[in-house]
Amino acid sequence: MTKRRGPQQGPSQRMLRVAEEVRHALSALLARGDFRDRDLAGAHITVTEVRASPDLKHMTAFVSGLGRDLPPERFAALKRAAPYLRREVAQAVRLKYAPDLHFQ
């Protein structure tokens, strides 16, 4: 009989591993900084943590701007760039489905 994960249990090892790979891929993309959006060009954005949903189809990335909160215009630009970042992360991290990226 297999154990099922209840709502009180933490993330599985696979969720943690994939979330860490996505964090590294996002960090590399943001460090490269080749965005068309003026609000993101030259922005120093740090990805502090990525949390994965149990089915690995949704990833929540927690971001900050070098130790402080991002200004609202940069945060909005990051949300606009989410489809581009999703495509780039999907190429960097080999998964069955490209995860939807959510930023906080």
task: Report the C-alpha separation of Leu30 and Phe35 in whole Å, then their side-chain angles, then the decisive distance to 0.1 Å, and conclude whether the side-chain contact (heavy atoms from CB on, under 4.5 Å) test is met.
output: CA-CA 9 Å; Leu30 294 172; Phe35 296 104; 3.7 Å; yes
task: Apply side-chain contact (heavy atoms from CB on, under 4.5 Å) to Val18 and Met59, showing your working.
output: CA-CA 10 Å; Val18 170; Met59 302 279 173; 3.6 Å; yes
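A donor-acceptor distance shorter than 3.5 angstrom exists from the side chain of Thr48 to the backbone of Phe62, with no hydrogens or angles considered. Within the 3.5 Å criterion, the main-chain N or O of His102 finds no donor-acceptor partner in the side chain of Thr60.
From Arg38, atom CZ reaches atom CD of Glu73 across 12.5 Å, with rounding to the nearest 0.5 Å. The NE2 atom of His44 lies 12.0 Å from the CG atom of Leu70; values are rounded to the nearest 0.5 Å. Gln104 CD to Glu49 CD: the interatomic distance, rounded to the nearest 0.5 Å, is 10.0 Å. To the nearest 0.5 Å, atoms CG (Leu16) and CZ (Arg51) are separated by 11.0 Å. A distance of 10.0 Å separates CZ of Phe75 from CD1 of Ile45, quoted to the nearest 0.5 Å.
If you chain together hydrophobic residues whose side chains sit under 4.5 Å apart, Val47 and Leu95 fall into the same group.
Under the 4.0 Å criterion applied to side-chain N and carboxylate O atoms, Glu20 and Arg23 are assigned as salt-bridge partners.
Contact annotation: the side chain of Leu56 approaches that of Arg14 to within less than 4.5 Å [non-hydrogen atoms, C-beta and beyond]. Within the 4.5 Å cutoff, the side chain of Val50 has no heavy atoms near those of the Leu101 side chain.
Few gaps surround NE2 on His58; more than 12 heavy atoms of other groups in view lie less than 6.0 Å from it. Annotation: Arg32, atom CZ; neighbour count of heavy atoms from other residues, nucleotides and ligands within 6.0 Å is above 12.
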Would you tabulate the side-chain donor-acceptor contacts of residues 77-92 under 3.5 Å, counting partners in other chains and residues two or more places apart, or write 'none'?
| unit_1 | atom_1 | unit_2 | atom_2 | d |
| --- | --- | --- | --- | --- |
| Arg80 | NE | Asp37 | OD2 | 3.3 |
| Arg80 | NH2 | Asp37 | OD1 | 3.4 |
| Arg80 | NH2 | Asp37 | OD2 | 2.6 |
| Arg80 | NH2 | Asp39 | OD2 | 3.4 |
| Arg86 | NE | Ala98 | O | 3.2 |
| Arg86 | NE | Pro99 | O | 3.3 |
| Arg86 | NH1 | Asp100 | OD1 | 3.4 |
| Arg86 | NH2 | Ala98 | O | 2.8 |

